[in-house]
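Quick notes on the structure that follows.
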Amino acid sequence: MNINLLNEIEINTLRNAIESADNIVITCHKSPDGDALGSSLAWYDFLTTCLKKNVSVVVPDAFPDFLRWLPHVEKVVRHDKHPEKVNELFDSANLVFCLDYNTASRVEEMKDALEACKAPKIMIDHHLNPSMETLLCISNPAISSTSEIVFRLIWQMNYFDAIEKHCAVAIYCGMMTDTGGFTYNSSYPEIFFIISQLLTKGFDKDKIYRNVYNNYSAWAIRFRGYMMCQKLNVLDDFHASYFAITREDMDNFHFTKGDAEGLVNEPLKIKGMKLSIALREDSLKENTILVSLRSVDNFPCNEMAAQFYNGGGHLNASGGRLNCTIEEAVNITRRAIEHYAHLLK
């Protein structure tokens with residue numbers, strides 16, 4: 001099975017850039033999810049273990065607690081906690097990898113430091129419309145995850161036999177989380193060929209699932225139950241639903257980052273449901289609403305996210321952001337659902 005992504009010129013550009021770099025920095029987007037962190041740590045493991053490079057991983061801010069078991073996670077440097085250290089790493093970098101984001105704005109508060117870095121940049125991503133100046137743009141929205149792209153690059157560079165368990169675990173975690181446990185954007189043979197190869201490295205995929213999805217606090221479980229029981233709005237005529245998480249809700253249930261992870265998927269378990277939208281007030285920024293959208297079949301979450309939520313993403317999984325109150329966000333959501341009624345009914 002041919003899973004190569006790059007042509008000969010591109011793969012040589014990648015090889016030469018890595019070979020000539022003494023200090024490499026790996027970056028990912030704000031609020032790193034399983035794919036952003038998994039792909040970054042897998043690429044870190046590959047570059048350090050197989051290619052013996054000096055590599056740092058920097059992220060804009062915190063990631064969910066349920067990812068803290070990932071191999072090498074202790075090596076990650078947070079910009080919000082250590083901006084001076086991050087700036088030093090960028091200043092000394094010969095090469096920067098931009099993983100799981102398509103534009104510098106996705107790193108938010110780290111954007112100035114990233115753009116000030118004079119080192120050449122290579123993008124490895126699977127989101128639409130990449131818009132960064134790079135030495136090499138490895139972008140393929142048809143692929144499940146950035147972690148899958150990382151696997152394909154390692155494979156094409158003929159290093160798969162050399163990678164070890166830690167690298168395989170991080171890749172699998174990223175692929176699993178960005179497909180909702182392989183329930184969307186994963187219906188093509190290549191992804192399961194890749195999984196079969198990863199499993200030869202001897203890890204327990206069921207344990208990875210438990211680490212991610214069965215790792216909530218008692219307060220988080222109560223929070224999730226409360227949201228589905230008291231806050232879920234089901235619009236039967238539109239086969240759609242939405243819920244809004246307020247700061248008060250989060251305070252009442254001792255919310256920590258990651259407690260709402262995957263909650264937007266729950267309403268899709270309702271018979272006939274085609275679309276689920278989650279709204280959440282930012283815990284720090286006023287009038288900032290984080291939006292997650294999930295759908296089934298051919299409903300275009302990415303189009304709705306772009307049109308109504310200043311966002312984008314994939315057909316069945318997208319996100320966005322609004323600068324308004326939670327009440328205004330709810331009104332926008334109802335208008336968005338009504339606008340797409342012809343595809344939902």
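Not measured: the values here are computed from a predicted model. In this chain, numbering begins with 1 at the start of the sequence shown. What's counted below: heavy atoms across the whole structure, side chains too, no hydrogens, waters or symmetry copies.
In this structure W219 satisfies the ring pair (Phe, Tyr, Trp, His ring centres under 6.0 Å) test together with H254, sequence neighbours excluded. Considering only residues two or more places apart in sequence or on other chains, Y172 meets the ring pair (Phe, Tyr, Trp, His ring centres under 6.0 Å) condition with F182, F203.
At a threshold of 4.5 Å between non-hydrogen side-chain atoms, the residues R280 and I289 do not count as touching. Side-chain atoms of I163 and T49, non-hydrogen and from C-beta on, never get closer than 4.5 Å to each other. By the 4.5 Å heavy-atom criterion applied to side chains, V212 and C173 are counted as neighbours. Residues I337 and L275 meet the side-chain proximity criterion, which asks for heavy atoms closer than 4.5 Å. L268 has its side chain out of reach of K274: every pair of non-hydrogen atoms, C-beta onward, lies at least 4.5 Å apart. Side-chain contact between V59 and H29 is absent, with no heavy atoms from C-beta onward closer than 4.5 Å. Looking only at side-chain heavy atoms (C-beta outward), R152 and I3 come within less than 4.5 Å of each other. Side-chain contact between D33 and D100 is present, with heavy atoms from C-beta onward closer than 4.5 Å.
Stacking of R321 on the aromatic ring of Y309 is not recorded, the 6.0 Å distance cut-off and the 45° axial limit not both being met.
Separating the CZ atom in R224 from the CZ atom in F253 is a distance of 13.0 Å, to the nearest 0.5 Å. Remark: F66 CZ to K257 NZ distance equals 10.5 Å, nearest 0.5 Å. The CD1 atom of I171 sits 13.0 Å away from atom NE2 of H166, with the distance rounded to the nearest 0.5 Å. Atom CG of L99 and atom OG1 of T146 lie 6.0 Å apart (nearest 0.5 Å). Rounding to the nearest 0.5 Å places SG of C50 at 7.0 Å from CD1 of I154. To the nearest 0.5 Å, the span separating NZ on K345 from CG on D236 amounts to 12.0 Å.
Annotation for F238 and A341: closest pair CE2-CB, 3.5 Å, computed over non-hydrogen atoms. The minimum heavy-atom distance between A93 and C117, with the atom names listed, is CB-SG, 4.4 Å. Residues S292 and V264 approach most closely at O-CG2, 3.7 Å, considering heavy atoms. Shown here for V57 and L41, the closest heavy-atom pair between the two residues is CG2-CD2, 4.5 Å. The two residues P60 and C28 make their nearest non-hydrogen contact at CD-O, 3.3 Å.
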Let me check something: any side-chain donor-acceptor pairs from residues 19-27 under 3.5 Å, sequence neighbours excluded? List them with distances.
| residue | atom | partner | partner atom | Å |
| --- | --- | --- | --- | --- |
| S20 | OG | N16 | O | 2.9 |
| S20 | OG | A17 | O | 3.3 |
| N23 | OD1 | N54 | ND2 | 2.5 |
| N23 | ND2 | S92 | O | 3.3 |
| T27 | OG1 | F97 | O | 3.0 |
| T27 | OG1 | Y101 | OH | 2.6 |

Can you give the donor-acceptor pairs under 3.5 Å from side chains of residues 239-251 to other protein atoms, not counting sequence neighbours?
| residue | atom | partner | partner atom | Å |
| --- | --- | --- | --- | --- |
| H239 | ND1 | L344 | O | 2.8 |
| Y242 | OH | R334 | NH1 | 2.9 |
| T246 | OG1 | E248 | N | 3.4 |
| T246 | OG1 | D249 | N | 3.1 |
| T246 | OG1 | D249 | OD2 | 3.0 |
| R247 | NE | D282 | O | 2.9 |
| R247 | NH1 | E286 | OE2 | 2.9 |
| R247 | NH2 | D282 | O | 3.1 |
| R247 | NH2 | L284 | O | 3.4 |
| R247 | NH2 | K285 | O | 3.0 |
| D249 | OD2 | K231 | NZ | 2.5 |
| D249 | OD2 | T246 | N | 3.0 |

Under 3.5 Å, which donor-acceptor pairs link side chains of residues 131-139 to any protein atom two or more places apart or in another chain?
| residue | atom | partner | partner atom | Å |
| --- | --- | --- | --- | --- |
| S131 | OG | T103 | OG1 | 3.4 |

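No side-chain donor-acceptor contact under 3.5 Å links E261 and Y213. Under 3.5 Å, the side chains of S295 and N316 contain a donor-acceptor pair of N or O atoms. Side-chain atoms of S145 and D178 include no donor-acceptor pair closer than 3.5 Å. Looking at S318 and N302, their side chains never bring a donor and an acceptor atom within 3.5 Å of each other.
Distance alone, capped at 3.5 Å, places no donor-acceptor pair between the K85 side chain and the K81 backbone. Remark: the backbone N or O of M157 is paired with a side-chain donor or acceptor of R15 at under 3.5 angstrom. No donor-acceptor pair under 3.5 Å is formed between the side chain of E115 and the backbone N or O of D112. Counting only distance, with no hydrogens or angles, the side chain of S144 and the backbone of M175 share no donor-acceptor pair below 3.5 Å. When atom types are taken as modelled, the side chain of N4 and the backbone of L6 share no donor-acceptor pair closer than 3.5 angstrom. No donor-acceptor pair under 3.5 Å is formed between the side chain of Q307 and the backbone N or O of M304.
More than 12 heavy-atom neighbours from other residues, nucleotides or ligands sit within 6.0 angstrom of NE2 on H72.
The ring of Y216 has its center no closer than 6.0 angstrom to the ring center of F223. Ring centroids of W43 and F151 are separated by 6.0 Å or more, keeping the two rings apart.
Checking R106, K111, E108 one by one against K30, the side chain to side chain contact (heavy atoms under 4.5 Å, CB included) holds for a single residue, E108.
Applying the side chain to side chain donor-acceptor pair (under 3.5 Å) test to pairs two or more places apart or on separate chains, those with a residue in residues 184-209 are E148-Y188.
Taking the six-membered ring for Trp and thresholds of 30 and 60 degrees, F160 and W155 have ring planes inclined between 30 and 60 degrees apart.
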Start with the C-alpha gap between L263 and M228, add the side-chain angles, then the distance that decides, and say whether side chain to side chain contact (heavy atoms under 4.5 Å, CB included) holds. CA-CA 9 Å; L263 190 57; M228 292 298 95; 4.1 Å; yes

